[in-house]
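Written out below as structure tokens is the structure these notes cover.
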Amino acid sequence: MCFAQGGHANVLDFVNIPVSIVLGIILGAVTGYGLYLFFETAYARKHCVRNSIKVIIVLGFSFLLVSVEGWLEGKISLSGLLAVVAMACVIKMKSPVFVSKRLLEKEN
């Protein structure tokens, strides 16, 4: 931190904290809802996506969300880890219980 090194605090740094939190949650929720719709649409059209493939897709998007944080650094503040947590929460809440249970078994 800049305080420990004798630096000064910038007001913009404090404003970026809630912006980072809110944008991370929004981006993660939108991504999670998009993945949920993708999986449900594929199932409705009889294109069965295996659970192991779903896990790989979710992990890929998780890495992508964390990378977006680095790409946008200096331009806009975003929390990639909160985006990943929000994405997982939306997928868990929207998916049927048996689907969530099978995905959890694949991850372990």
Side-chain angles (χ1 to χ4, degrees):
M1 291 288 303
C2 61
F3 301 121
Q5 299 171 352
H8 64 283
N10 188 357
V11 176
L12 191 58
D13 293 337
F14 290 111
V15 172
N16 281 337
I17 293 171
V19 169
S20 171
I21 292 169
V22 170
L23 287 179
I25 292 172
I26 290 172
L27 180 63
V30 168
T31 305
Y33 190 72
L35 286 175
Y36 159 75
L37 288 178
F38 170 73
F39 295 145
E40 287 300 310
T41 303
Y43 181 75
R45 294 184 181 193
K46 307 284 191 241
H47 299 314
C48 193
V49 180
R50 296 175 53 101
N51 288 327
S52 54
I53 299 298
K54 287 180 185 178
V55 170
I56 291 171
I57 292 170
V58 169
L59 284 174
F61 272 93
S62 299
F63 290 129
L64 181 67
L65 289 173
V66 173
S67 296
V68 166
E69 178 181 10
W71 296 334
L72 295 178
E73 189 174 348
K75 297 176 185 91
I76 192 164
S77 186
L78 175 88
S79 175
L81 294 177
L82 279 177
V84 171
V85 171
M87 177 188 70
C89 288
V90 168
I91 292 173
K92 169 86 169 127
M93 289 186 321
K94 298 297 284 180
S95 297
V97 176
F98 67 93
V99 172
S100 298
K101 185 177 178 183
R102 282 188 280 153
L103 286 177
L104 183 62
E105 289 172 358
K106 289 289 182 185
E107 288 182 12
N108 292 330

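Hydrophobic clustering (ILVMFWY, side-chain heavy atoms < 4.5 Å, transitive): Leu64 and Leu72 are in one cluster. One hydrophobic cluster holds both Val68 and Met87 under the rule that ILVMFWY side chains link at heavy-atom gaps under 4.5 Å. A single hydrophobic cluster is not seen to contain both Leu65 and Met93; linkage of ILVMFWY side chains at heavy-atom distances under 4.5 Å, directly or through other members, places them apart. In the hydrophobic cluster analysis, where Ile, Leu, Val, Met, Phe, Trp and Tyr join through side-chain heavy atoms closer than 4.5 angstrom, Ile57 is grouped apart from Val85. Linking Ile, Leu, Val, Met, Phe, Trp and Tyr whenever their side-chain heavy atoms come within less than 4.5 Å leaves Val90 and Leu59 in two separate clusters.
At most 12 heavy atoms of other shown residues, nucleotides or ligands fall within 6.0 angstrom of atom OH in Tyr33. By the neighbour-count criterion of 12 heavy atoms within 6.0 Å, atom CZ of Phe39 is densely surrounded, having more than that number from other residues, nucleotides or ligands.
Here the OG atom belonging to Ser79 is positioned 10.0 Å from the CG atom belonging to Leu23, to the nearest 0.5 angstrom. In this structure, CD1 on Ile76 lies 12.0 Å from CD on Glu69, to the nearest 0.5 angstrom. Summarising the geometry, atom CZ belonging to Arg50 is positioned 10.0 Å from atom CD1 belonging to Ile56; distances are rounded to the nearest 0.5 Å. To the nearest 0.5 Å, atom CG of residue Leu35 and atom NZ of residue Lys54 are 11.0 Å apart.
Residue Gly24 comes nearest to Leu78 through the heavy atom pair N-CD1, 3.6 Å, listed as atom of the first residue, atom of the second, then distance.
With Phe61 as the fixed residue, the side chain to side chain contact (heavy atoms under 4.5 Å, CB included) test singles out one of Thr31, Val66, Ile91: Thr31.
Other residues sharing a hydrophobic cluster with Val30 under the 4.5 Å side-chain heavy-atom criterion for ILVMFWY residues are Val22, Ile26.
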